[in-house]
Amino acid sequence: MSAIKAPKGTYDLLPDDAARRAHVVATAARLFAAYGYRRVVTPEFEETGLFARGVGEATDIVRKEMYTFLDKGERSLTLRPEGTAPVCRAYVEHGLHTWPQPVKLWYYAPMFRYERPQAGRFRQHYQLGVEAIGSSRPEVDAEVIALLGALFEALEVADVRLKMNSMGDAACRPAYVERLRGFLRGRREELCGDCRERLELNPLRSFDCKVASCRAVLDEAPRIADHLCDDCRSHFEQVLELVSLAGLRPELDFRLVRGLDYYTRTTFEFSSDVLGAQSGVGGGGRYDGLIEQIGGPATPGVGWGAGLERMALSMRTLPLPAPGPDAFVVSFADDARASAFALAQQLRGAGFTTELDLAGRSPKGQLKQAGRSRARYAVLVGLDELATGFVRLRSMDGGGEEDVLAAALPARLAALHEE
RNA sequence: GUGGACGUAGCUCAGAUGGUAGAGCUCCAGGUUGUGGCCCUGGUGGUCGCGGGUUCGAGUCCCGUCGUUCACCCCA
């Protein structure tokens with residue numbers, strides 16, 4: 001009988017890593033608050049239709065990467081593969097269009113995709129994300145991008161670059177897609193098998209194909225930037241200007257098309273060179289048609305998601321100095337263990353982080369643990385020479401000792417803490 | 001879904017040409033019966049991923065399988 005291991009593509013965060021993760025999330029939360037974003041929590045699973053309609057039937061995510069199952073009521077449910085559609089669903093369901101627009105939300109949640117794991121890619125991964133729903137103004141695009149840039153700066157994510165593109169909208173994209181399709185059909189013989197399929201399904205996807213022959217063809221293909229309608233062009237120019245004002249240096253990248261169908265106009269991605277093949281740490285864009293697509297009123301929105309695992313991989317490592325407890329209570333006699341236990345409870349109640357031997361160690365062993373735990377003070381209980389009611393308080397760095405009435409210990413520790 | 005590399009104690013790894021398992025770290029205990037993270041000594045801990053095969057004999061060779069990992073694909 002072999003022991004059970006964590007499922008493929010998942011991982012455990014042991015205390016040191018969990019503490020680092022908490023630090024990242026706390027840093028992000030402060031930043032979100034500064035920008036006026038409030039946290040939203042949505043379910044881990046949704047009706048399958050939300051993603052099929054929202055993310056797009058033609059996307060890889062929907063076609064082959066979703067964890068979909070029937071529950072006991074024969075409902076088709078799917079573990080959330082991405083964060084935007086659920087937040088939009090909640091926006092519609094709770095009538096958030098009655099709030100001041102745009103509604104600015106953030107989330108920290110696990111995402112599930114059935115993929116082959118590799119560096120920086122998991123079947124359950126965590127994303128930090130924001131969505132600003134209800135305004136189509138370029139300032140909103142710029143704000144969310146600036147926010148993500150600020151987050152990477154605050155976390156010291158190494159060697160990040162910002163790539164941006166515009167995907168056009170319902171007014172100009174359809175005509176452009178047809179033009180692109182026509183061009184690619186003419187060069188069909190030079191394309192790889194995948195791209196020949198994409199040709200019919202979604203020719204835009206060929207732009208991020210890595211096959212050399214395809215890249216050569218796409219280099220010569222008509223570019224969306226040259227076929228944007230006036231509104232889209234103007235919007236994109238304003239976003240670029242504002243993003244630059246925020247101190248970022250966006251690089252235009254006509255290959256940046258992203259694999260979710262809901263994107264319109266602005267798309268962007270931050271990548272880090274230290275990551276390997278999966279270089280994108282965070283990315284997103286505008287999705288002005290999504291809410292209508294999932295059955296709500298036509299409502300513009302823009303947002304991004306950023307992968308916690310990839311952030312952790314690309315952060316310049318900051319050693320977290322896990323502090324030791326304030327006190328370690330040591331019993332010097334077996335019949336003192338109960339009062340040691342009670343004393344530890346008393347100290348914890350007074351707000352001091354307190355450890356106590358739970359393994360039946362000898363006094364020497366307990367003191368050794370106190371040292372290894374880097375406790376500031378050891379509290380010695382049950383010494384023969386102590387007067388009743390007294391314990392001995394020893395500083396673990398200096399070694400200085402004093403005998404204190406047990407009942408007065410919290411006050412004495414507080415006083416020492418003041419010094 | 002495709003391809004490459006790898007799978008020996010909790011962790012990092014050693015085990016030439018097949019002969020029946022080791023180190024360091026961790027953990028635990030001792031170092032004169034009641035006192036510190038270092039040091040010293042000892043100890044716990046392994047169906048050598050799993051299943052077949054070849055062989056008198058396999059951790060070492062072959063096949064399969066599962067897992068890890070890197071890349072493709074796609075994305076965070």
Side-chain angles (χ1 to χ4, degrees), chain A residues 1-11 14 55 58-65 80-84 108-129 148 152 157 192-195 197-198 202 205 208-211 256-260 263 267 269-272 275-284 303-314 324 328 330-334 336 359-386 392 394-399 401:
Chain A
M1 201 174 80
S2 55
I4 294 172
K5 294 190 283 194
K8 189 182 180 80
T10 68
Y11 59 89
L14 297 181
V55 177
T59 61
D60 281 7
I61 289 179
V62 173
R63 288 202 303 162
K64 48 195 184 191
E65 295 176 1
R80 171 183 50 217
E82 63 94 47
T84 301
Y108 165 58
M111 306 293 162
F112 306 85
R113 292 182 204 167
Y114 190 84
E115 300 180 275
R116 285 283 287 270
Q118 71 183 73
R121 194 172 74 184
F122 303 87
R123 288 187 172 179
Q124 174 176 343
H125 77 278
Y126 289 81
Q127 278 187 32
L128 227 29
L148 185 51
F152 291 147
V157 173
C192 70
D194 285 342
C195 281
E197 273 185 47
R198 292 178 179 127
N202 185 355
R205 299 228 50 75
D208 55 18
C209 183
K210 292 185 178 92
V211 177
L256 185 65
V257 290
R258 307 193 61 80
L260 293 87
Y263 285 118
T267 56
E269 181 176 303
F270 284 83
S271 58
S272 170
L275 274 180
Q278 306 302 319
S279 62
V281 265
W304 49 254
L308 268 294
E309 296 81 2
R310 292 183 191 175
M311 278 190 239
L313 284 173
S314 53
F328 196 111
V330 176
S331 324
F332 270 74
D334 279 343
R361 277 181 263 260
S362 66
K364 176 179 175 175
Q366 295 178 53
L367 220 32
K368 184 177 276 191
Q369 287 307 312
R372 284 205 265 204
S373 73
R374 286 178 292 123
R376 293 182 60 189
Y377 295 97
V379 179
L380 282 39
V381 179
L383 291 167
D384 287 340
E385 68 272 26
L386 283 175
R392 180 161 294 166
R394 176 188 296 179
S395 165
M396 290 302 280
D397 52 338
E401 295 187 339

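Keep in mind the model is a prediction, meaning the values are calculated, not measured. Note on naming: letters A, B, ... go to the chains in the order of the sequence lines (proteins, then strands), and numbering restarts at 1 for each one.
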| query | Residues in salt bridge (Lys or Arg N to Asp or Glu O under 4.0 Å) with A/Arg394, at least two apart? | reply | A/Glu401

| Partner residues of A/Arg205 under the salt bridge (Lys or Arg N to Asp or Glu O under 4.0 Å) criterion, sequence neighbours left out | A/Asp208

Does [X] have any side chain to side chain donor-acceptor pair (under 3.5 Å) partners at least two apart in sequence or in another chain, and if so, which?
X: A/Tyr11; answer: A/Arg21, A/Glu309
X: A/Arg392; answer: A/Glu385, A/Asp403
X: A/Asp334; answer: none
X: A/Thr10; answer: none

Quick one: list whatever passes side-chain contact (heavy atoms from CB on, under 4.5 Å) with [X], sequence neighbours left out.
X: A/Arg361; result: A/Asp357, A/Ala359, A/Gln366, A/Gln369
X: A/Arg121; result: A/Glu115, A/Arg116, A/Gln118, A/Gln278, A/Arg310
X: A/Ala119; result: none

| remark: B/S/- along nucleotides 4-10 of chain B (protein heavy atoms under 4.0 Å) is -------

| message | Check this one for me: any side-chain N or O of A/Lys5 less than 4.0 Å away from OP1 or OP2 of B/G67? | response | no

Atom pairs, N/O to N/O, protein against nucleotides 26-29 of chain B, distance under 3.5 Å?
{"from": "B/C27", "atom 1": "OP2", "to": "A/Arg372", "atom 2": "NH1", "distance (Å)": "3.0"}
{"from": "B/C28", "atom 1": "OP1", "to": "A/Arg361", "atom 2": "NH1", "distance (Å)": "2.4"}
{"from": "B/C28", "atom 1": "OP2", "to": "A/Arg372", "atom 2": "NH2", "distance (Å)": "3.4"}

| query | Name the stems with RNA chain B in them: runs of three or more consecutive Watson-Crick or G-U pairs, distances under 3.5 Å? | reply | B:1-7 with B:66-72, B:10-13 with B:22-25, B:27-31 with B:39-43, B:49-53 with B:61-65

